[in-house]
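Quick notes on the structure that follows.
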Number of protein chains: 2
Amino acid sequence: MNLRDLRYLLAVAEHEHFGRAAKASGVSQPTLSVQIRKLEDQLGVILFERASKQAAPTAACLQLIDHARGAVAATEALLASAQSLRDPLAGRFRLGIIPTLAPYLLPLIFAPLRAALPALEPEPWEDQTDALLDRLRSHQLDAALLATEVDGPDLTSRALFDEPFLAALPPDHPLAARATVAEAELSQDILVLSDGHCLRDQAIEACGQTAALGGALRASSLPTLMNMVAAGYGTTLIPGLAAGAAQDAGLTLRPLQGRPGRTLRIAWRTHFPRRVAVEAIGDVVAERMSSFARRAATGAV
Amino acid sequence: MNLRDLRYLLAVAEHEHFGRAAKASGVSQPTLSVQIRKLEDQLGVILFERASKQAAPTAACLQLIDHARGAVAATEALLASAQSLRDPLAGRFRLGIIPTLAPYLLPLIFAPLRAALPALEPEPWEDQTDALLDRLRSHQLDAALLATEVDGPDLTSRALFDEPFLAALPPDHPLAARATVAEAELSQDILVLSDGHCLRDQAIEACGQTAALGGALRASSLPTLMNMVAAGYGTTLIPGLAAGAAQDAGLTLRPLQGRPGRTLRIAWRTHFPRRVAVEAIGDVVAERMSSFARRAATGAV
DNA sequence: CTCCAATCATAGGCGGGGCCTATCAGATCG
DNA sequence: CGATCTGATAGGCCCCGCCTATGATTGGAG
């Protein structure tokens with residue numbers, strides 16, 4: 001049985017006339033006669049009472065027609081949905097973002113994203129790198145903004161921009177008097193984020209292993225970390241995009257001599273079919289950040 | 001687009017694997033790959049994200065799948081309904097019956113009908129001949145039991161049995177002393193049914209035109225008519241199957257010399273597709289009435 | 001009563017599309 | 001690096017739906 005047959009059935013039932021139903025269906029009358037007859041044979045039910053001037057649906061036909069109408073309506077709903085889903089740049093887009101980036105980047109890219117991709121409905125999801133990668137692999141995310149490379153052939157990533165690290169100091173810290181700070185100097189009393197944050201590992205790698213590491217204090221977020229530094233518990237290293245927030249928290253910022261930093265990337269499943277949307281989002285972010293990268297390259301904060 | 005395609009879509013979405021979905025669908029894997037690909041082209045939507053070990057439905061696919069499931073479910077419901085509608089001897093059967101026959105025939109044929117056609121659900125509809133013919137022609141009835149021939153090529157009928165007429169008299173009526181009554185004698189003070197009853201016309205035709213005809217009294221049903229006769233307002237002519245009811249009403253019955261009567265027929269639209277059901281009902285009625293016809297032929301009441 | 005118009009059914013032929021097997025191409029893993 | 005599993009591609013076959021032409025009935029007009 002075929003959807004076409006059901007449409008023919010509905011047409012004949014509506015017109016009660018093979019010829020007119022054929023015209024309405026865009027086929028010849030014999031086609032309709034044959035197909036209806038075949039449908040009757042397949043169902044084992046006489047569908048129409050053929051008289052000289054009309055073809056009236058039988059009682060059995062009337063019972064079946066409701067189901068036929070349902071099937072046809074469902075497929076047309078499917079086609080309509082497909083129509084609206086056709087644009088890969090439209091619809092929900094679940095974008096993971098690491099916590100040390102989300103609150104500082106998102107405000108900057110919302111407007112450009114909306115301008116460049118008006119039909120896209122981005123749904124940000126903030127979580128640590130490993131969680132994002134898990135959700136990406138299990139199809140719970142469409143892409144993710146990370147500060148690390150991805151491993152494995154099932155994921156692919158593209159670099160979007162470089163973000164320098166800055167030394168963050170209490171205003172009364174001895175190093176605050178310096179124009180620039182050496183990474184090794186920071187490591188004396190550096191505080192880092194709690195486990196799982198990629199920024200923790202990157203800070204340690206940039207400044208060298210240290211005994212301090214915040215001691216018993218575990219900062220689970222960048223704002224907490226900055227408040228701890230402002231309270232005089234030590235120093236830290238913050239990503240450039242958080243500079244504004246750090247200054248608002250009363251911290252003194254200084255460039256690092258080795259100009260360490262991290263590369264922000266967008267990652268997606270290699271076979272993800274909406275790659276055009278991924279690239280478009282990447283383009284918007286990279287474009288929006290290019291001015292920041294230029295300013296950072298000249299040493300400005 | 002095709003129902004088959006939707007089934008394939010559901011199969012792949014369920015198994016997340018082309019090969020297993022193909023096996024479950026009873027086709028080869030290339031067939032499935034090609035058809036899914038064609039469906040994607042038609043819809044303009046990528047339905048599956050093909051990776052090396054799995055084919056995951058895309059978000060768009062998940063939205064479309066509900067509609068696909070609906071369409072497939074509707075067609076399967078249609079097939080199931082057709083299965084149960086397949087037997088023309090099963091299901092509703094709207095049978096019209098004239099009022100001068102219904103209350104006396106129906107009790108006799110209910111049990112035999114149920115025995116011979118257990119799946120049939122007869123729905124009796126009692127009305128006068130013209131109304132029955134109208135409903136028959138407008139497909140509101142499937143067949144009708146009438147006492148007249150039908151006209152026009154759109155209707156067909158078959159004689160089922162002959163029903164003799166009997167003279168019905170008040171017990172103290174002069175004619176009650178006779179063994180048989182001549183029709184002309186009845187016409188002196190005959191009462192007949194109101195307009196629209198075929199029995200009215202048949203009584204008048206059998207006994208000849210008369211001035212009485214019940215005068216201002218209009219009996220709209222046979223029980224009323226019998227009560228009027230029992231009350232001494234006149235005589236009448238009743239169909240044989242009503243003999244029992246007439247005797248219960250206190251009437252005296254006498255055979256008529258010319259042995260007038262009417263032929264009960266079953267009528268249906270010439271093109272009505274459940275003719276087998278019509279004939280089967282006719283057979284049951286004719287069989288049940290054959291004993292009555294034999295007794296009537298010997299003059300017994 | 002015959003002819004004509006209308007209706008649905010039937011016949012024959014054409015073409016598209018779905019199905020198959022065989023094979024290719026890429027990924028994964030020992 | 002080959003073995004294996006995955007989905008994609010190619011070529012050929014055949015069914016089936018479509019068409020036009022025609023037949024069979026019916027009902028109405030002249």
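Keep in mind the model is a prediction, meaning the values are calculated, not measured. Order of the sequence lines fixes the chain letters, A, B, ..., with proteins taken first and strands second; residue numbering starts at 1 for each chain.
Between the NE2 atom of His17(A) and the P atom of dT7(C) there is a distance of 4 Å, rounded to whole Å. Rounded to whole angstrom, the span from the NE2 atom of His271(A) across to the C1' atom of dA25(C) amounts to 12 Å. One can place CG of Asn2(A) at 9 Å from P of dC18(D), the figure rounded to the nearest angstrom. Remark: C1' of dC8(C) and CD of Gln29(A) are 5 Å apart, rounded to the nearest angstrom. We find that CD1 of Ile46(B) is positioned 10 Å from P of dA8(D), with the value rounded to whole Å. Going from atom NZ of Lys38(A) over to atom P of dT10(C) covers 13 Å, rounded to whole Å. When rounded to the nearest whole Å, the span between CD of Gln54(A) and P of dT26(D) equals 16 Å. Taking atom CG of residue Leu39(A) and atom P of nucleotide dA9(C), one finds them 13 Å apart after rounding to whole Å.
Nearest-nucleotide mapping onto DNA chain D: of Pro30(B) and Gly26(A), the residue sitting toward the 5' end is Pro30(B). Checking Asp154(B) against Gly19(B), the closest nucleotide of DNA chain D that is more toward the 5' end is the one next to Gly19(B).
Contact between the side-chain N/O atoms of Thr31(A) and the OP1/OP2 oxygens of dG17(D) is not found at any separation under 4.0 Å. Note on Arg4(B): every side-chain N or O is 4.0 Å or more away from OP1 and OP2 of dG17(C). Contact between the side-chain N/O atoms of Arg50(A) and the OP1/OP2 oxygens of dT25(D) is not found at any separation under 4.0 Å. Contact annotation: Ser28(B) does not reach the phosphate of dC19(C) (side-chain N/O to OP1 or OP2, under 4.0 Å).
As judged by a 4.0 angstrom heavy-atom cut-off over every strand, Tyr8(B) is placed among residues touching the sugar-phosphate backbone only. Across all strands shown, Pro153(A) has heavy atoms under 4.0 Å from sugar-phosphate atoms exclusively, and none from any base. Across all strands shown, Gln35(B) has heavy atoms under 4.0 Å from sugar-phosphate atoms exclusively, and none from any base.
Residues passing the salt bridge (charged side-chain N to carboxylate O under 4.0 Å, His left out) test with Arg69(A): none are found, sequence neighbours excluded.
Of the candidate nucleotides dT10(C), dT9(D), dC18(D), dT9(D) has the atom nearest to the side chain of Val34(B).
Looking at Gln29(A) and Ser33(A), their side chains do bring a donor and an acceptor atom within 3.5 Å of each other. For the residue pair Asp154(A) and Thr270(A), no side-chain donor N or O sits within less than 3.5 Å of a side-chain acceptor on the partner. Between Gln54(B) and His17(B), the side chains place no donor N or O within less than 3.5 Å of an acceptor N or O (distance only, hydrogens not considered).
Using a 4.5 Å heavy-atom threshold, the side chains of Leu160(B) and Arg265(B) count as separate.
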